[in-house]
Amino acid sequence: MGEYPITEEQVRFYQENGYIRLEGVLTIQEVEALRVALDVAVEDRRRYDRNEGPRTDPGYARVFLQMVNLWEHYPAVRAYVQNPRIGEIARRLARARSVRLWHDHALIKYPKDSKPTVWHQDWVYWPMRETGALSCWMALDDVTVKNGCMSFIPGSHRLGPRDPIDLGNATEETLLEMFPLEERKRFTPVAVEMKAGSCTFHDGLTFHYAGPNITESPRRAMVTIFMPGGTTYKKLEHLIGDRAGLSEGEEFHGPLFPVVAGE
């Protein structure tokens, strides 16, 4: 499969709403390669404790299993995150001259004792001085409301950054406490169900949510975060740590943050 056709209308929709759904971005063969890599990573995690989420928080574990920077260990994931088809979509949606990889993370929402991923923004957790970074949330299983598909509040990226939320212990009412009633009345959440191989992109400031998985099977997703070229480092504690030794205000660069589209 070659370049994915993105129209100017789709770019405008993303810019206005802070998210977009794109159908059939990966082939079934590409999806299956990622599924196999995730299965191996889960087994490796059991042996080597590679889960890089808050390991001491039982509430967080019920939200999802998170495994970060799999591209550094698994060739199929490396091929995926460096796929120019995905990177070029991110570059065009962000209206950037280039985009770099920030990191990937697999998110597996297991069934039964499952908690929702409560409403939150992503950018407030990232050590970046500029906004504009965006995430590709790739479905590796068909996703529905029942197994925890993504939901978005259109236009919420224009509300600016709010306080970070403790995902392991927050409740669905946490969002209500962040905005006055009159502002909340304008919120119209949109649940995005889609087939495996389809994806959403969302801005790091867009509020999003995923319900609990009440089915019998895990819900698997591969999330890749892209930064517009020129994004600079901000001192902020983050689960993958200060891996590159960057100074405050220094531009992200180097092999840990490769350019995946553009110049």
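Here the structure is a predicted model, which means the values were calculated and not measured.
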Exercise. When the ring planes of Y209 and W119 are compared, do they come out parallel, tilted or perpendicular, using 30° and 60° as the limits?
Worked result: parallel
Seminar exercise, completed: What one should report as the nearest heavy-atom pair of Y14 and H157 is O-NE2, 4.4 Å
For this session: Considering non-hydrogen atoms only, spot the tightest contact between R95 and R12 and give its length.
Result: NH2-CG, 3.9 Å
Exercise. Quick check: are there more than 12 heavy atoms from other residues, nucleotides or ligands sitting under 6.0 Å from CD of E23?
Worked result: yes
Problem set entry | Listed partners of R100 passing side chain to side chain donor-acceptor pair (under 3.5 Å), at least two apart | none
Exercise. Rounded to the nearest 0.5 Å, how far does CD of E30 lie from CG of L140?
Worked result: 11.5 Å
For this session: Indicate the atoms forming the closest heavy-atom contact of P161 with V124, along with that distance.
Result: CB-CG1, 3.9 Å
Exercise. What is the distance from atom CZ of F201 to atom CE of M138, rounded to the nearest 0.5 Å?
Worked result: 6.5 Å
Exercise. Does a salt bridge link E216 with K112, judged by any charged N lying under 4.0 Å from a carboxylate O?
Worked result: yes
Exercise. Are the side chains of Y80 and D104 in touch, meaning some heavy atoms are under 4.5 Å apart?
Worked result: no
Problem set entry | Flag if over 12 foreign heavy atoms under 6.0 Å of CD, E9 | no
For this session: Given side chain to side chain donor-acceptor pair (under 3.5 Å), test Y74 with D44 step by step and report yes or no.
Result: CA-CA 11 Å; Y74 304 98; D44 287 348; 2.5 Å; yes
Problem set entry | Separation of W102 CH2 from L256 CG (nearest 0.5 Å) | 9.5 Å
Exercise. In Å, rounded to the nearest 0.5 Å, how long is the span from CG of L70 to NE2 of H103?
Worked result: 11.0 Å
Problem set entry | Under 3.5 Å: donor-acceptor pair, side chain of N213, backbone of T215 | yes
Exercise. Is there a side-chain contact between I6 and E88 (heavy atoms, below 4.5 Å)?
Worked result: no
Problem set entry | Shortest non-hydrogen separation from P228 to A96 and the atoms involved | CB-CB, 3.9 Å
Exercise. Within the side chain of H208, is there an N or O that forms a donor-acceptor pair under 3.5 Å with the backbone of H120?
Worked result: yes
Problem set entry | Pair R220-D141, salt bridge (Lys or Arg N to Asp or Glu O under 4.0 Å): steps then yes or no | CA-CA 6 Å; R220 296 167 291 182; D141 299 293; 2.6 Å; yes
Exercise. In Å, rounded to the nearest 0.5 Å, how long is the span from CG of L26 to CD of E32?
Worked result: 12.5 Å
Exercise. Is it true that atom CZ of R158 has more than 12 heavy atoms of other residues, nucleotides or ligands lying nearer than 6.0 Å?
Worked result: yes
Exercise. About how many Å separate CZ of R91 and CD1 of I86, when rounded to the nearest 0.5 Å?
Worked result: 14.5 Å
Seminar exercise, completed: Note: G148 and K109 closest approach over all heavy atoms is CA-CD, 4.4 Å
Exercise. If every non-hydrogen atom of G262 is compared with every non-hydrogen atom of V259, which pair is closest and at what distance?
Worked result: O-CG1, 4.1 Å
Problem set entry | Whether T206 side chain and G18 backbone form a donor-acceptor pair below 3.5 Å | yes
For this session: Measure the shortest side-chain to side-chain distance between L101 and W71 over non-hydrogen atoms and say whether it is less than 4.5 angstrom.
Result: yes
Using distance only, find each side-chain donor-acceptor pair of residues 245-254 under 3.5 Å and give its atom names and separation, not counting sequence neighbours.
unit_1: E248; atom_1: OE1; unit_2: K235; atom_2: N; d: 2.9
unit_1: E250; atom_1: OE1; unit_2: S247; atom_2: N; d: 2.9
unit_1: H253; atom_1: ND1; unit_2: E251; atom_2: O; d: 2.8

Exercise. With no hydrogens and no angle check, is any side-chain donor or acceptor of D39 less than 3.5 Å from a backbone partner on E43?
Worked result: no
